[in-house]
J.: 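My structure is below; once you've seen it, I'll send some questions.
For ligands, and for the atoms within them, numbers begin at 1 and follow the listed sequence.
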Amino acid sequence: MLRIAVQSKGRLFDDTMNLLSEADIKVSASKRTLLVQSSNFPLEVLYLRDDDIPQSVASGVADIGIVGENEFVERGENAQIIDRLGFSKCRLSLAIPKKIDYPGLQWFNGKKIATSYPNILRKFMKKNNINADIHVITGSVEISPGIGLADGIFDIVSSGSTLVSNNLAEVEVVMKSEALLIGNWNMDEEKHEILNEMLFRFEAVRSAQDKKYVMMNAPKEKIQEITEVLPGIKSPTIIPLADEEWCSIHTVLDEKRFWEIIGKLKELGAQGILVTPIEKMIL
Ligand SMILES: Nc1ncnc2c1ncn2[C@@H]1O[C@H](COP(=O)(O)OP(=O)(O)OP(=O)(O)O)[C@@H](O)[C@H]1O
Ligand SMILES: O=P(O)(O)OC[C@H]1O[C@H](OP(=O)(O)OP(=O)(O)O)[C@H](O)[C@@H]1O
Ligand SMILES: [Mg+2]
């Protein structure tokens, strides 16, 4: 049995639960039970505050965990990064009141900065030879300059709208962050096997994201030209139709180039184009 620590509620929760569910690992998210066993996979889910996830994995209370990179780096716990999960993307930035004309990092010399990430900030300031007064607060960091608690802040930014509504301007991006799958360094063979099965499923889910399965009817004489337009997995599947002059072509398309390719297919005489999402893809 493998034990995973995940955030019990908050910004990481929904995407974490979706990832498990898309990998067909069933777990009920109970409000009261902090440790829940999957009904169809050898996995136990431990629901924690994100602050406690790095330590629980480093100490072996949990074997693996899903946590923001910002929190993992801040805690400085000794665990390995197994996978980057691509969700909860944000950055840790320095911001100051927008009315100030920012001359560069030296502005922070002798200034008071409010943050929930003192270790990351301290390291950054040291590297850049800036002597600032770091004031630790656990929440509502963005309001501190407005109430005279600090001169600037160091906090999470995503869309930037929290900064705007607090009359702050982002002046330095210190680190980028996304959700990480972290792991204890000393997992036994059996746990590694379960983990590998999980990673295989995660990869299948990820490969299918942003991909569409496309089916169309096309005149047989255009097969060559149509095939050249399609960047499918290998070559497209071609199925004969009752009408001997026509065939059905099936392929996988990347969502990014989808409309461009569909346009070309129509020009080449493709008709009855059907598009469906793909749940999983094993390459
Ligand atoms: N606006 C955002 N956009 C994208 N990702 C974010 C955003 N805010 C936070 N995150 C990411 O999600 C993680 C969890 O954020 P959340 O606000 O839920 O933390 P928290 O309040 O500390 O939760 P907990 O109660 O578990 O301690 C952050 O550490 C960060 O990696
Ligand atoms: O750049 P933005 O898109 O505005 O996002 C940034 C904000 O998001 C997070 O807070 P959250 O909304 O999770 O609330 P919290 O402070 O209560 O955790 C973070 O602490 C920032 O305040
Ligand atoms: Mg927290």
Side-chain angles (χ1 to χ4, degrees), residues 3-20 27 29-36 45-59 61-62 64-77 79-98 113-124 134-147 149-183 209:
R3 187 184 284 170
I4 185 170
V6 305
Q7 194 190 26
S8 53
K9 56 180 189 309
R11 289 270 186 177
L12 295 161
F13 180 78
D14 287 345
D15 285 328
T16 299
M17 297 320 279
N18 282 343
L19 181 64
L20 292 177
V27 266
S30 158
K31 287 269 177 300
R32 285 180 203 91
T33 323
L34 299 180
L35 191 61
V36 176
V45 181
L46 175 63
Y47 294 99
L48 296 177
R49 284 200 59 183
D50 69 345
D51 314 48
D52 300 327
I53 293 174
Q55 193 195 29
S56 74
V57 173
S59 67
V61 167
I64 56 173
I66 293 180
V67 69
E69 195 167 356
N70 52 321
E71 204 63 48
F72 179 58
V73 174
E74 174 64 23
R75 300 282 151 184
E77 294 284 351
Q80 55 177 318
I81 296 176
I82 298 173
D83 205 358
R84 309 183 72 84
L85 299 172
F87 57 81
S88 291
K89 286 196 172 166
C90 57
R91 52 197 188 271
L92 278 178
S93 294
L94 284 159
I96 62 170
K98 69 170 187 216
I113 310 171
T115 187
S116 313
Y117 300 93
N119 294 326
I120 297 172
L121 181 58
R122 203 170 292 122
K123 207 168 160 191
F124 176 80
I134 299 175
H135 182 73
V136 182
I137 48 175
T138 54
S140 307
V141 174
E142 289 93 343
I143 92 156
S144 33
I147 57 172
L149 197 69
D151 302 298
I153 65 150
F154 177 62
D155 199 20
I156 293 170
V157 182
S158 175
S159 65
S161 59
T162 309
L163 292 183
V164 170
S165 40
N166 287 284
N167 295 315
L168 297 171
E170 183 177 11
V171 290
E172 307 279 347
V173 177
V174 173
M175 81 170 266
K176 297 228 168 102
S177 174
E178 67 184 276
L180 299 179
L181 181 69
I182 58 169
Q209 272 164 5

J.: Which of the atoms in ligand 2, numbered in the order shown and given with their element, are less than 4.0 Å from a heavy-atom of Glu142?
T.: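 Checking each atom against Glu142, I get 21 (C), 22 (O).
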J.: Looking only at protein heavy atoms, which one is nearest to atom 6 (C) of ligand 2, and what is the separation?
T.: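 Answer, as residue, atom name and distance: Ile156 O, 3.5 Å.
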J.: Does some non-hydrogen atom of Gly139 fall short of 4.0 Å from ligand 2?
T.: no
J.: Give me the nearest non-hydrogen protein atom to atom 4 (O) of ligand 2 as residue plus atom name, then the distance to 0.1 Å.
T.: Thr162 OG1, 2.5 Å
J.: Starting from the C-alpha separation in whole Å, work towards a yes-or-no answer on side-chain hydrogen bond (donor to acceptor under 3.5 Å, both in side chains) for Thr162 and Glu142.
T.: CA-CA 7 Å; Thr162 309; Glu142 289 93 343; 4.6 Å; no
J.: Mind checking how many protein N/O/S atoms fall short of 2.8 Å from the Mg ion (ligand 3)?
T.: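 Those protein atoms number 2 in total.
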J.: So which heavy atom in the protein is nearest atom 20 (O) of ligand 2, and how far is it from that ligand atom?
T.: Asp155 OD2, 3.8 Å
J.: Could you tell me whether some N/O pair between Asn70 and ligand 1 is separated by less than 3.5 angstrom?
T.: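 Looking only at distances, the answer is yes, because the N/O contact criterion of under 3.5 Å is met.
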J.: With heavy atoms of Gly160 as the reference, note each atom of ligand 2 found under 4.0 Å away.
T.: 1 (O), 2 (P), 3 (O)
J.: Could you check if a side-chain atom of Val174 sits within less than 4.5 angstrom of a side-chain atom of Tyr117, using non-hydrogen atoms only?
T.: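 With C-beta onward as the side chain, the pair stays apart.
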J.: Looking only at protein heavy atoms, which one is nearest to atom 14 (O) of ligand 2, and what is the separation?
T.: Arg11 NH2, 4.9 Å
J.: Give the atoms of ligand 2, by number and element, whose distance to some non-hydrogen atom of Val157 is under 4.0 Å.
T.: 1 (O)
J.: Could you find the nearest protein heavy atom to atom 22 (O) of ligand 1 and give me its residue, atom name and distance?
T.: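 Protein heavy atom with the smallest distance to atom 22 (O) of ligand 1: Asp50 OD1, 3.2 Å.
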J.: Could you tell me the residue and atom name of the protein heavy atom closest to atom 3 (O) of ligand 2, and the distance to it rounded to 0.1 Å?
T.: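 Of every protein heavy atom, Ser159 OG, 2.5 Å lies nearest to atom 3 (O) of ligand 2.
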J.: In terms of atom number and element, which parts of ligand 1 are under 4.0 angstrom from non-hydrogen atoms of Gly10?
T.: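 Once the distances to Gly10 are compared, the set is 18 (O).
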J.: Within the structure, does at least one protein heavy atom fall under 4.0 Å of atom 22 (O) of ligand 2?
T.: yes
J.: Scan the protein's non-hydrogen atoms and note whether one is under 4.0 Å from atom 8 (O) of ligand 2.
T.: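 Answer yes: something from the protein, a heavy atom, is under 4.0 Å.
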J.: Which atoms of ligand 1 have any heavy atom of Gly68 under 4.0 Å away?
T.: 31 (O)
J.: Does the protein put a heavy atom under 4.0 Å from atom 1 (N) of ligand 1?
T.: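 It does: a protein heavy atom is found less than 4.0 Å away from atom 1 (N) of ligand 1.
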J.: Considering only non-hydrogen protein atoms, determine which one is nearest to atom 25 (O) of ligand 1 and report residue, atom name and distance to 0.1 Å.
T.: Arg49 NE, 3.3 Å
